[in-house]
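Presented below is the structure to which this report refers.
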Amino acid sequence: MDAAKYQGVIKRYFNYLPVGKNTPVITLLEGNTPLIFSGRLSEFLGRRFKVYLKFEGANPTGSFKDRGMTLAVSKAKEEKQVAVICASTGNTSASAAAYASRAGLKCIVLIPEGAIALGKLAQALIHQAVVIPIKGNFDTALSLVREISANYPVRLVNSLNPHRIEGQKTASFEICDTLGRAPDFHILPVGNAGNITAYWKGYKEYKAEGRIRRLPAMLGFQAKGACPIVKGRVFKHPKTLATAIRIGNPASWKKAEAARDQSKGLIDAVSDREIIKAYKMLALEGIFVEPASAASIAGLIKLKQQGYFKQPGRKEVVITCTLTGHGLKDPDIAVKSVRTPKSVSPDVKKILRIAKIKK
Ligand SMILES: *Cc1c(COP(=O)(O)O)cnc(C)c1O
């Protein structure tokens with residue numbers, strides 16, 4: 001593909017999406033994100049294993065939400081809506097605010113008070129969304145926007161909006177187009193469960209079209225303090241430092257279970273400690289993600305340690321992991337999870353001692 005001619009996911013996958021020639025395409029050239037081979041993780045899993053990281057932090061607003069938002073906002077514009085609305089742990093609002101601005105639509109954002117990462121809040125604010133912090137958690141905010149969008153000419157752009165899922169499924173298309181096959185396993189974090197639903201839909205459609213021969217097992221990871229699907233019960237007070245997956249009652253719960261069961265995969269949980277460990281490990285490979293994204297890698301490590309990937313045979317095993325959002329979204333956590341440097345006097349010897357550099 002000629003990069004200079006890249007026009008975003010709607011144009012690239014036009015025939016796979018619910019769009020027509022009258023759809024105004026609102027795009028920031030989202031998608032076409034890097035699929036990065038990880039030598040270290042591949043080696044950690046052993047010979048035959050190839051681990052690839054789909055770095056969705058490279059999207060225009062820094063998360064995979066842009067794939068769904070380009071479609072949701074284009075359709076809202078086509079269908080003459082005056083505004084879009086969402087509840088958000090941060091990235092949905094950042095993306096909605098950017099795409100709504102581009103489309104000339106008003107954007108209304110309900111966020112759980114005090115529970116949203118600084119970078120994401122900055123994004124919604126600078127794009128001039130109407131940001132309304134709610135005394136309550138994400139699930140409360142979501143039920144409010146559902147009520148408002150059902151009764152007013154305001155389009156809901158949470159992943160309950162089917163256009164979001166349609167746009168997000170393009171990530172699996174890209175993976176298959178790049179690898180020339182489907183992975184054997186696909187690992188991703190699960191919050192509201194829209195993305196696991198979207199990936200699974202994408203893989204199934206590519207199989208139905210004959211573009212791939214087999215389907216991956218879908219392996220989803222929630223945070224231990226917010227793992228309703230794993231436990232089979234709503235979490236009234238979800239708790240995790242991975243704010244993007246701090247969700248106690250996922251909207252796409254049933255669809256995530258269907259993806260898990262149809263693909264013979266699993267949905268499990270990882271602790272905040274495991275998440276931060278994976279987060280720092282990725283950083284040492286040059287990749288800066290937000291904590292929720294590291295749940296994929298924490299999950300990969302956990303499964304490897306449990307012997308999950310012990311498969312008979314000699315065939316190559318391909319694992320893809322979605323890294324959902326960029327680390328710059330949540331700089332507070334980055335700074336808190338490492339030792340902060342102390343100032344020193346301007347002295348070459350001191351600097352060399354600290355940097356451990358010798359002649
Ligand atoms: C939205 C989001 C998730 C969770 O995705 P769901 O579709 O809600 O399961 C995970 N990580 C990041 C960075 C996100 O923005």
Side-chain angles (χ1 to χ4, degrees), residues 30 33 53-69 72 86-96 98 111-112 115-117 119-121 123-124 138-139 141-142 157-162 164-169 171-172 186-202 218-223 226-230 238 240-257 259-260 267 269-270 275 278-279 282 287-299 321-330 333:
E30 60 295 314
T33 54
L53 310 173
K54 183 68 169 160
F55 185 46
E56 292 289 277
N59 275 296
T61 79
S63 85
F64 72 81
K65 300 297 197 297
D66 293 346
R67 293 179 184 275
M69 208 54 76
C86 63
S88 180
T89 59
N91 283 331
T92 298
S93 59
S95 185
I111 55 171
I116 154 169
K120 306 176 188 182
L121 181 62
Q123 288 178 288
F138 171 83
D139 304 289
L142 185 61
V157 293
N158 280 101
S159 56
L160 286 160
N161 178 331
R164 280 277 311 279
I165 305 294
E166 290 295 315
Q168 284 170 212
K169 77 186 178 189
S172 4
H186 187 105
I187 311 185
L188 77 176
V190 174
N192 218 16
N195 216 26
I196 190 171
T197 304
Y199 270 86
W200 181 235
K201 186 167 198 288
M218 301 299 297
L219 313 176
F221 283 88
Q222 302 194 293
C227 61
I229 300 177
V230 179
T240 167
L241 55 73
T243 49
I245 52 173
R246 189 190 282 163
I247 290 173
N249 189 10
S252 301
W253 191 322
K254 287 271 145 22
K255 287 179 181 152
E257 287 180 339
R260 175 195 66 194
I267 296 178
V270 284
I275 288 173
Y279 170 74
L282 279 168
I287 303 168
F288 188 23
V289 299
E290 64 170 285
S293 307
S296 293
I297 305 307
C321 306
T322 306
L323 303 179
T324 46
H326 203 289
L328 287 172
K329 297 263 188 186
D330 203 341
I333 291 203

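Quick caveat: nothing in here was measured; it's all calculated off a predicted structure. First listed ligand is number 1; within each ligand, the first listed atom is number 1.
Using modelled atom types and a 3.5 Å distance limit, the side chains of Ser93 and Lys120 yield no donor-acceptor pair.
Polar contact check, Val190 against ligand 1: no nitrogen or oxygen pair lies under 3.5 Å apart. Not a single N or O atom of Ser293, backbone or side chain, sits closer than 3.5 Å to an N or O atom of ligand 1. Of the polar atoms of Gly194, at least one N or O is found under 3.5 Å from an N or O of ligand 1, judged by distance alone.
Looking at Asp66, its side chain does come within 3.5 Å of a backbone N or O of Thr61 through a donor-acceptor pair. Remark: side-chain polar atoms of Arg164 are not paired, donor with acceptor, to backbone N or O of Gly68 under 3.5 angstrom.
Per-residue contacts place Glu290 under 4.0 angstrom from the following atoms of ligand 1 (heavy atoms of the residue considered): 13 (C). For ligand 1, the atoms sitting less than 4.0 Å from at least one non-hydrogen atom of Asn91 are 12 (C), 13 (C), 14 (C), 15 (O), numbered in the order shown with element in parentheses. Interface of Gly325 with ligand 1, defined as ligand atoms under 4.0 Å from a residue heavy atom, comprises 13 (C). In the vicinity of Ile245, heavy-atom distances shorter than 4.0 Å reach the ligand 1 atoms 4 (C), 10 (C). Ligand-side atoms of ligand 1 in range of Gly191: 4 (C), 6 (P), 8 (O), 9 (O), range being under 4.0 angstrom from any heavy atom.
The nearest heavy-atom contact from the protein to atom 11 (N) of ligand 1 is Thr324 OG1, 2.8 Å. Looking from atom 5 (O) of ligand 1 to the surrounding protein, the closest heavy atom is Phe64 CZ, 3.4 Å. Residue, atom and distance of the protein heavy atom nearest to atom 7 (O) of ligand 1 are Asn195 N, 2.8 Å. From the protein, the heavy atom lying nearest to atom 2 (C) of ligand 1 is Lys65 NZ, 2.4 Å. Closest to atom 8 (O) of ligand 1 among all protein heavy atoms lies Asn192 N, 2.7 Å.
The side chain of Ala292, and not its backbone, has at least one atom closer than 4.0 Å to an atom of ligand 1 (non-hydrogen atoms only; side chain from C-beta on).
Closest of all the heavy-atom pairs between Thr243 and Thr89 is O-CB, 3.4 Å.
For the pair Glu166 and Lys201, the salt-bridge criterion is met [side-chain N within less than 4.0 Å of a carboxylate O].
Note on ring orientation: taking the six-membered ring where Trp is involved, the planes of His326 and Phe288 are perpendicular (angle over 60°, cut-offs 30° and 60°).
Within the structure, ligand 1 lacks Ser159 among the residues with a heavy atom less than 4.0 angstrom away.
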